[in-house]
S.K.: 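Below are the structure tokens for one structure; questions will follow.
Every value quoted in this text rests on a predicted model; they were computed, and no experiment measured them. Just so it is clear, the values below take in all heavy atoms, side chains as well, and ignore hydrogens, waters and symmetry mates. Throughout, numbering of the chain's residues begins at 1 and tracks the sequence.
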Amino acid sequence: MNLRALNKTHKKAFKGKTIPLIDLCLAISDCPHYTPNWTESGELVIRNFNIKNGRLDLTERYYTDKETFLDRIKRHKPESGDLIITREAPMGEVCIIPEEIECCLGQRMVLIKPNPQKVNNRYLLYAMLSEFVQKQIKKSDSSGSIVSNLCIPDLEQLNIPYIPLTEQEKVASILNPIFESIEVNDRINTELENFAKAIYNYWFVQFDFPNEEGKPHKTSGGAMEWNDELKREIPMGWSVQNLKENCLCEIIKPGIEYFGTEKTYLATADVNDLSINFNADKIIFENRESRANMQPMVNTVWFAKMKNSRKILFIGDYSRFLIENMIFSTGFMGLKCIDKSMEYILSFIINDDFEVLKDRLANGATQQAVNNDSLILIPLIIPSDKILEMFQKMMFPIFKRLYENQMQTHELINLRDFLLPMLMNGQVKVKSEENEQLSMAAEPQVKYGK
């Protein structure tokens with residue numbers, strides 16, 4: 001189904017009644033403007049990167065003490081059914097607080113308490129994720145700073161498409177299954193990433209990769225030797241190089257010629273963990289050499305250079321279409337991998353230890369980030385060719401599935417964004433409450449299929 005083409009012929013921009021967000025809410029409450037006192041356990045704190053694809057992802061949890069928690073909820077306590085929106089880094093991510101979650105908000109977040117007499121909270125979520133509202137959010141940024149910022153007065157005055165409450169509930173009931181499918185994909189991808197991390201740790205941290213007999217190498221008494229750089233033993237015959245100068249990958253540098261073609265510009269804000277926003281802004285590039293962007297290529301791994309910014313993406317042979325319609329900002333560090341090393345380099349980059357080391361090496365006055373020279377200080381274990389090839393064969397289907405799930409999520413988001421304005425405009429209606437089927441109203445019938 002080509003939703004892009006379908007949008008042009010059938011989807012209309014919302015032309016109906018709108019109501020300022022503040023008039024649909026019991027409260028819109030900014031978070032306290034200080035960093036919480038982080039603890040190993042205690043009271044749950046929601047942070048920006050816990051919100052993606054319109055849902056709350058608590059795979060990574062952060063905690064604070066009771067005193068800090070009580071201070072952060074004293075204006076308004078987050079409750080199930082409330083919405084949370086991010087003010088920056090990234091700006092405009094929205095989710096609903098699920099049931100049985102007691103939490104407070106971290107920095108750069110706003111709590112939205114919908115008025116149930118005026119708006120269905122799931123309808124409000126979908127409306128705020130819609131192109132109609134997201135464009136308002138992007139236009140509201142007038143701070144002039146490097147990082148986009150959504151201020152409270154602009155947030156309160158966002159024009160929310162308004163239809164009767166009973167119609168809101170019907171719209172939500174149609175979109176909920178799509179949303180649930182996106183959530184399932186996100187959960188599967190989280191598990192795939194965790195599985196990849198576990199295998200990497202087992203093979204290249206504990207050195208218990210399978211030997212010729214299929215037994216764990218180190219545990220079974222496999223040959224080991226001392227490495228002065230790591231101050232520990234590594235498997236016999238392996239070596240240690242650094243991430244900047246090694247035999248498995250090389251740094252991609254900006255400076256490519258463009259010829260007036262339309263490309264999607266992917267900034268670090270368009271990536272959340274390993275998830276990509278395929279609907280990022282498009283830019284027409286003139287026939288000139290650009291020093292501000294980088295062209296992706298097959299067998300590459302990319303990560304955000306900024307401190308406290310875990311944004312990673314990869315391009316395998318199965319995703320080579322990205323080469324043709326995307327360029328990346330220099331907020332990314334790109335690594336071009338040799339054959340059979342991409343899965344290993346990607347697993348190394350998504351490892352939590354790498355992110356800790358990257359943040360430790362970040363520097364800069366305005367915005368701290370790791371630079372090319374700093375990569376010399378990041379050690380990279382170089383395994384034997386045989387183990388590298390075995391690892392690649394094991395991990396290839398895992399990362400391929402992860403990417404395919406991303407693409408399915410992308411199509412589901414497109415479907416959601418296609419249906420929402422048509423539902424709000426009355427172009428698509430529900431035939432009955434008992435049989436919730438879509439029908440086109442005063443529009444040509446649309447056949448959904450390949």
S.K.: Are the side chain of Glu99 and the backbone of Ser80 linked by a donor-acceptor contact shorter than 3.5 Å?
M.R.: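 Side chain of Glu99 to backbone of Ser80: no pair is present.
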S.K.: Can you tell me how far apart CZ (Arg360) and CG (Leu357) are? Round to the nearest 0.5 Å.
M.R.: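 If I round to the nearest 0.5 Å, the distance is 6.0 Å.
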S.K.: Do the side chains of Lys66 and Glu43 get close enough for a salt bridge, i.e. N-O under 4.0 angstrom?
M.R.: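 Salt bridge between Lys66 and Glu43, a charged N being under 4.0 Å from a carboxylate O: yes.
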S.K.: Could you walk me through whether Tyr344 and Phe204 pass the ring pair (Phe, Tyr, Trp, His ring centres under 6.0 Å) check?
M.R.: CA-CA 10 Å; Tyr344 176 68; Phe204 303 111; 4.7 Å; yes
S.K.: So, taking the atom named CD in Glu156 and the one named CD1 in Ile22, what distance separates them when rounded to the nearest 0.5 Å?
M.R.: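 Reported to 0.5 Å precision, the distance equals 4.0 Å.
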S.K.: Of all heavy-atom pairs between Phe332 and Lys311, which one has the smallest distance, and what is that distance?
M.R.: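 What the structure gives for the nearest pair is CE2-O, 4.4 Å.
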S.K.: Do Asn185 and Gln408 get their side chains close enough for a donor-acceptor pair, meaning under 3.5 Å?
M.R.: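 On atom types as modelled, these side chains qualify, holding a pair under 3.5 Å.
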S.K.: Roughly how far apart are Asn115 CG and Asn121 CG, rounded to 0.5 Å?
M.R.: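 Between atom CG of Asn115 and atom CG of Asn121 there are 11.5 Å.
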S.K.: Give a yes or no on whether a salt bridge exists between Arg187 and Glu191, defined as a side-chain N under 4.0 angstrom from a carboxylate O.
M.R.: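 A salt bridge is absent here (no side-chain N lies under 4.0 Å from a carboxylate O).
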S.K.: Identify each donor-acceptor pair in which a side-chain atom of residues 334-342 lies under 3.5 Å from a protein atom, sequence neighbours left out, and give them as a table.
M.R.:
| residue | atom | partner | partner atom | Å |
| --- | --- | --- | --- | --- |
| Lys336 | NZ | Val298 | O | 2.6 |
| Ser341 | OG | Leu248 | O | 3.0 |
| Ser341 | OG | Ile338 | N | 3.1 |
| Ser341 | OG | Ile338 | O | 3.0 |

S.K.: Can you list the steps and then say if Trp302 with Phe328 is a ring pair (Phe, Tyr, Trp, His ring centres under 6.0 Å)?
M.R.: CA-CA 9 Å; Trp302 304 77; Phe328 298 161; 4.7 Å; yes
S.K.: Give a yes-or-no answer on whether the side chains of Glu88 and Asn149 include a donor-acceptor pair shorter than 3.5 Å.
M.R.: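 Their side chains do contain a donor-acceptor pair, which is all the 3.5 Å distance test asks for.
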S.K.: Measure from the ring center of Phe49 to the ring center of Tyr62 and say whether it is less than 6.0 Å.
M.R.: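 Ring-ring flag for Phe49/Tyr62: true, centres closer than 6.0 Å.
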S.K.: If the plane angle is over 60° it's perpendicular, under 30° parallel, otherwise tilted; pick one for Tyr318 and Phe314.
M.R.: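 It falls in the perpendicular class, over 60°.
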S.K.: Would you call Phe348 and Leu243 a side-chain contact if the rule is heavy atoms closer than 4.5 Å?
M.R.: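 Answer yes - side chains close enough.
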S.K.: Does Pro36 reach the side chain of Phe69, with side-chain heavy atoms less than 4.5 Å apart?
M.R.: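 Pro36 does not reach Phe69 side chain to side chain.
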S.K.: Please report the closest heavy-atom contact between Pro114 and Leu83, naming both atoms and the distance.
M.R.: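 Heavy-atom minimum between the residues: CG-CD1, 3.8 Å.
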S.K.: How many angstroms lie between OG1 in Thr268 and CD1 in Ile312, if you round to the nearest 0.5 Å?
M.R.: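 Result: 13.0 Å between the selected atoms.
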S.K.: Do Asn201 and Gln206 meet the criterion of a side-chain donor-acceptor pair at a distance under 3.5 Å?
M.R.: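 Gln206 and Asn201 do have a side-chain donor-acceptor pair below 3.5 Å.
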S.K.: Work out which heavy atom in Cys31 is nearest to a heavy atom in Arg108; give both atom names and the distance.
M.R.: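 Heavy atoms of Cys31 and Arg108 come nearest at SG-N, 3.3 Å.
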S.K.: Hey, what do you get for CD (Glu404) to OG1 (Thr409), rounding to the nearest 0.5 Å?
M.R.: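 Here the rounded value is 12.0 Å.
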S.K.: State whether the number of non-hydrogen atoms from other residues, nucleotides or ligands found under 6.0 Å of Lys400 atom NZ is greater than 12.
M.R.: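 No.
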S.K.: Will you find, in the side chains of Tyr63 and Asn37, an N or O donor that is under 3.5 Å from an N or O acceptor?
M.R.: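 Result is no, nothing qualifies.
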S.K.: Would the distance check show the side chain of Lys305 and the main-chain N or O of Thr330 forming a donor-acceptor pair, the cut-off being under 3.5 Å?
M.R.: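 Yes: the side chain of Lys305 pairs with the backbone of Thr330.
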S.K.: Side chain to side chain contact (heavy atoms under 4.5 Å, CB included) for Leu21 and Leu124? Distances and angles first, verdict last.
M.R.: CA-CA 9 Å; Leu21 177 62; Leu124 181 58; 3.8 Å; yes
S.K.: Can you check salt bridge (charged side-chain N to carboxylate O under 4.0 Å, His left out) on Asp186 and Lys52, steps first, answer last?
M.R.: CA-CA 9 Å; Asp186 285 347; Lys52 63 179 181 180; 5.4 Å; no
S.K.: Less than 4.0 Å between a side-chain N and a carboxylate O, is that true for Asp373 and Lys244?
M.R.: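 Answer for the salt bridge query: yes.
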S.K.: Applying side chain to side chain contact (heavy atoms under 4.5 Å, CB included), run through Arg122 and Phe179 and close with a yes or a no.
M.R.: CA-CA 10 Å; Arg122 296 208 69 87; Phe179 186 84; 3.1 Å; yes
S.K.: Heavy-atom count around Lys197 NZ within 6.0 Å, excluding the residue itself: above 12?
M.R.: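 Yes, the 6.0 Å shell around NZ holds more than 12 heavy atoms from other groups.
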S.K.: Got Pro20 and Leu158 here, is their nearest side-chain heavy-atom distance under 4.5 Å?
M.R.: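 In short, these two side chains do not touch, never coming nearer than 4.5 Å.
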S.K.: Is Ile19 close to Val119 at the side-chain level, that is, under 4.5 Å between some pair of heavy atoms?
M.R.: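 Side-chain contact under 4.5 Å: no.
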S.K.: Can you tell me which residue pairs pass the salt bridge (Lys or Arg N to Asp or Glu O under 4.0 Å) test with a partner in residues 25-36, sequence neighbours excluded?
M.R.: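 For residues 25-36, and leaving out neighbouring residues, the salt bridge (Lys or Arg N to Asp or Glu O under 4.0 Å) pairs sorted by first residue read Asp30-Arg87.
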S.K.: Within this structure, what is the CG-OG1 distance for the pair Leu150 and Thr86, rounded to the nearest 0.5 Å?
M.R.: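 Here the interatomic distance stands at 8.0 Å.
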S.K.: State, with a plain yes or no, whether a side-chain heavy atom of Val110 is found less than 4.5 Å away from one of Ile28.
M.R.: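 Heavy-atom side-chain distance check passes, below 4.5 Å.
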S.K.: Between Leu375 and Met333, is there a side-chain heavy-atom distance shorter than 4.5 Å?
M.R.: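 Counting from C-beta outward, Met333 and Leu375 do come under 4.5 Å.
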S.K.: Between the side chains of Asp57 and Asn50, is a donor N or O closer than 3.5 angstrom to an acceptor N or O?
M.R.: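 The criterion, which ignores hydrogens and geometry beyond distance, is not satisfied for Asn50 and Asp57.
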S.K.: Less than 4.5 Å apart, side chain to side chain, heavy atoms only: is that true for Ile97 and Cys103?
M.R.: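 Of all side-chain heavy-atom pairs linking Cys103 with Ile97, at least one is under 4.5 Å.
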S.K.: Is a side-chain donor-acceptor pair under 3.5 Å present for Asp71 with Thr68?
M.R.: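 There is no such pair (donor and acceptor under 3.5 Å, judged by atom type) between the side chains of Thr68 and Asp71.
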S.K.: Using the side chain to side chain contact (heavy atoms under 4.5 Å, CB included) rule, take Phe303 and Ile350 through it: C-alpha gap first, then chi angles, then the decisive distance, then the call.
M.R.: CA-CA 9 Å; Phe303 62 90; Ile350 68 175; over 6 Å; no
S.K.: Could you walk me through whether Met128 and Ile112 pass the side chain to side chain contact (heavy atoms under 4.5 Å, CB included) check?
M.R.: CA-CA 11 Å; Met128 294 190 69; Ile112 298 172; 3.9 Å; yes
S.K.: Here's one to test your reading of the geometry: is the NZ or CZ of Arg401 within 45 degrees of the ring axis of Phe396 and under 6.0 Å from its centre?
M.R.: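 So Arg401 doesn't make the cation-pi contact.
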S.K.: Write down the atom of Asp417, the atom of Leu129, and the distance for their closest heavy-atom approach.
M.R.: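 Closest pair (atom of Asp417, atom of Leu129, distance): OD1-O, 4.3 Å.
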S.K.: Between Lys113 and Asp82 (salt bridge meaning N to carboxylate O under 4.0 Å), is one present in this structure?
M.R.: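 Salt bridge: yes.
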S.K.: Where is the tightest heavy-atom contact between Asn159 and Gln136, given as atom of each residue plus distance?
M.R.: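 Heavy-atom minimum between the residues: N-OE1, 2.8 Å.
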S.K.: Is any side-chain heavy atom of Ile73 closer than 4.5 Å to a side-chain heavy atom of Pro78?
M.R.: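 In short, these two side chains touch, coming nearer than 4.5 Å.
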S.K.: Looking only at heavy atoms, what is the nearest atom pair of Ile160 and Ala127, with distance?
M.R.: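 Answer, listing the atom of Ile160 first, then Ala127: CG2-CB, 4.1 Å.
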S.K.: Is a donor on one side and an acceptor on the other found under 3.5 Å between the side chain of Glu343 and the backbone of Lys393?
M.R.: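 Such a contact is absent between Glu343 side chain and Lys393 backbone.
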